[in-house]
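Quantities reported herein were computed from a predicted structural model and do not represent experimental measurements. Numbering of ligands and ligand atoms starts at 1, following listing order.
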Amino acid sequence: MRPIQMVDLKQQYLHIKDEVDTAIQSVLNSSVFIGGKAVQDFSENLAAWTGSRHVIPCANGTDALQIAMMALGLEPGDEVITPSFTYIATTEVVALLRLKPVFVEVDSRTYCMDPDSLERAITPRTRAIVPVHLYGQSAPMEEILAIARRHGLPVVEDNAQAIGARYAFSNGEVRQTGTMGTIGTTSFFPSKNLGCYGDGGAIFTQDDVLADRIRMIANHGQRIRYHHDIVGCNSRLDAIQAAILDVKLKRLDAYIEARRRAAAAYDTAFAGEERIVTPYVSTRSTHVYHQYTLQLEGVDRDDLQQYLADRSIPSMIYYPVPAHRQRMFTDLGAGGEDLPVTDRLTGRVVSLPIHTEMEPEQTEAIVSAVVDFIHKK
Ligand SMILES: *Cc1c(COP(=O)(O)O)cnc(C)c1O
């Protein structure tokens, strides 16, 4: 059996080596390293694949969030509502832009923004809502968009973890995550479901005016070279990364299927275990299993992680400290909200290895180690 890793990028590369190497070589041959055909082609292909009118590539998923919030024209002190249970990038850019992060609860089963908590957090100073499609399934966008519409607020979807997930509205309309809100963002960090071999990100919108503004912001605020109309930044996806992403985009459906097979094997194996809560999948969303995250009931998580590590099985806590308790924010006078669901989840989640190259014998080894540990106690 191959060594078990949280994500096996090496094995994935070996399966697509010829095509990736050729794609990289063709960028080297062209020597167009920034912009050009590779970036253009990938952006168009991703737009077609996601059903998004516009895809604007950028340097990483954190920049994507920052540029999205800059494009909305928010003013210092404006309140931006995000879940506390997320990766730091979602909330950090809010503070970076001198906006005020307001943290809300997630649903304890889906780990995504709780619409009731969102509704309660809205004040006259609220200017944007940033749901996160955490672990690979969609936040409840119908409810979130209805609240946003009622209050006239834009919605930025952080889709770094759920690219390819589909959400069904009650009228039967089905949309991909990242394409439902005012703006969507994603990351191509290597371990993401669509990852490159370095850093990368993209911004999605269905609005022509916003798309133009986003393109300008990502390119020093210029539409015409050396004519800078607004303050922007420098955020580009490079051509080599775009060429690699194009190779992997063709396989993204198959990659998602591979993750689902691994998740299904875990689900089946853990089904009878009372002290393990397996991922709940909302009836409205599909799940692309960026993470396979369990909740443990009455199990010492540190001991379990150590037990697994002793058997060369990695596991991770996403995320051990929620945003509302991060010094970064509490030192700014933000955070400190009372979020019991988030605090409870933070103490009991554990993510197991899941990736596109999982072998049945690896899932079996992980399952039996977890089950052995739980029954020993
Ligand atoms: C990975 C991630 C990001 C940031 O992406 P980078 O490319 O690392 O900047 C933002 N939000 C979430 C939820 C993520 O998982």
inquiry  = With respect to S187, determine whether any N or O atom, backbone or side chain, lies less than 3.5 Å from an N or O atom of ligand 1.
reply    = yes
key: Residue, atom name and distance, where the atom is the protein heavy atom closest to atom 9 (O) of ligand 1   = T62 OG1, 2.5 Å
inquiry  = Ignoring hydrogens and geometry beyond distance, is a side-chain donor-acceptor pair present between T293 and S351 at under 3.5 Å?
reply    = yes
Polar contact flag for G61 and ligand 1 (N/O pairs, less than 3.5 Å) = yes
message = Regarding N159 and T186, do their side chains bring together a donor and an acceptor under 3.5 Å, going by distance alone?
response = no
Atoms of ligand 1 close to A160 [distance to a heavy atom under 4.0 angstrom, numbered from 1] = 2 (C), 3 (C), 10 (C), 11 (N), 12 (C), 14 (C), 15 (O)
inquiry  = Quick check on the 6.0 Å ring-centre criterion: do Y289 and Y255 meet it?
reply    = no
For atom 15 (O) of ligand 1, the option (of Q291, Q161, H133, H290) bearing the nearest heavy atom = Q161
query = Counting from 1, what ligand 1 atoms have a heavy atom of K192 closer than 4.0 Å?
reply = 1 (C), 2 (C), 3 (C), 5 (O), 14 (C), 15 (O)
Test: R311 cationic atom under 6.0 Å from Y307 six-membered ring centre, within 45° of axis = yes
task = Under 4.0 Å from a heavy atom of N60: give me the atoms of ligand 1 that qualify, with their elements.
result = 7 (O), 9 (O)
inquiry  = Ring centres under 6.0 Å, that's the criterion: do Y318 and Y87 meet it?
reply    = no
ask   = Who's closest to atom 13 (C) of ligand 1 heavy-atom-wise, of D199, V130, D158?
value = D158
key: Working for side-chain hydrogen bond (donor to acceptor under 3.5 Å, both in side chains), residues S52 and Q206   = CA-CA 6 Å; S52 185; Q206 315 314 309; 3.0 Å; yes
